[in-house]
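Before any comments, here is the structure.
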Amino acid sequence: MSNPIVILLLTAVVLAAVIALIVFAVRAAQRPRNALVGGGIGPELVERLLELKASDQFDQAVFLVRGETGMSHRAAARFVRKLRSSPPP
């Protein structure tokens, strides 16, 4: 291979990598990983999650949180683990 061809190929690879990084950054900025989608977490959702958690359906509760809020699996699991029913007045 001659020098101009190698330089042209390396330039194309670097340019493709830069474009891919820009696209990735724009997509990440448009929707943060744990941004709430839709209505977020309301009292009805919390009540349903507490019921699922009390009946040992942790995975279903995490799935529900992810579907309703758009949270990542790790964040939803952490949220469900920290849920506690409020003490009676």
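Nothing here was measured: the structure is a model prediction, and the numbers come from that model.
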Within this structure, what is the NZ-NZ distance for the pair Lys53 and Lys82, rounded to the nearest 0.5 Å?
11.0 Å

How close do Ala77 and Val62 get, counting heavy atoms only, and between which atoms?
CA-CG2, 3.7 Å

Give a yes or no on whether Val14 and Ile22 share a hydrophobic cluster (residues Ile, Leu, Val, Met, Phe, Trp, Tyr; joining criterion: side-chain heavy atoms under 4.5 Å apart).
yes

Nearest 0.5 Å please: distance from the CZ atom of Arg66 over to the CZ atom of Arg74.
12.0 Å

Leu15 side, atom CG; Leu10 side, atom CG - distance, nearest 0.5 Å
12.5 Å

Within this structure, what is the CG-CD distance for the pair Leu49 and Gln57, rounded to the nearest 0.5 Å?
11.5 Å

Under 4.5 Å between side-chain heavy atoms, counting indirect links through other Ile/Leu/Val/Met/Phe/Trp/Tyr residues: same cluster for Phe63 and Phe58 or not?
no

Under a single-linkage definition using a 4.5 Å side-chain heavy-atom cutoff for Ile, Leu, Val, Met, Phe, Trp and Tyr, are Met71 and Leu50 assigned to the same hydrophobic cluster?
yes

Mind checking the CG-CG spacing from Leu83 to Leu52? Nearest 0.5 Å is all I need.
10.5 Å

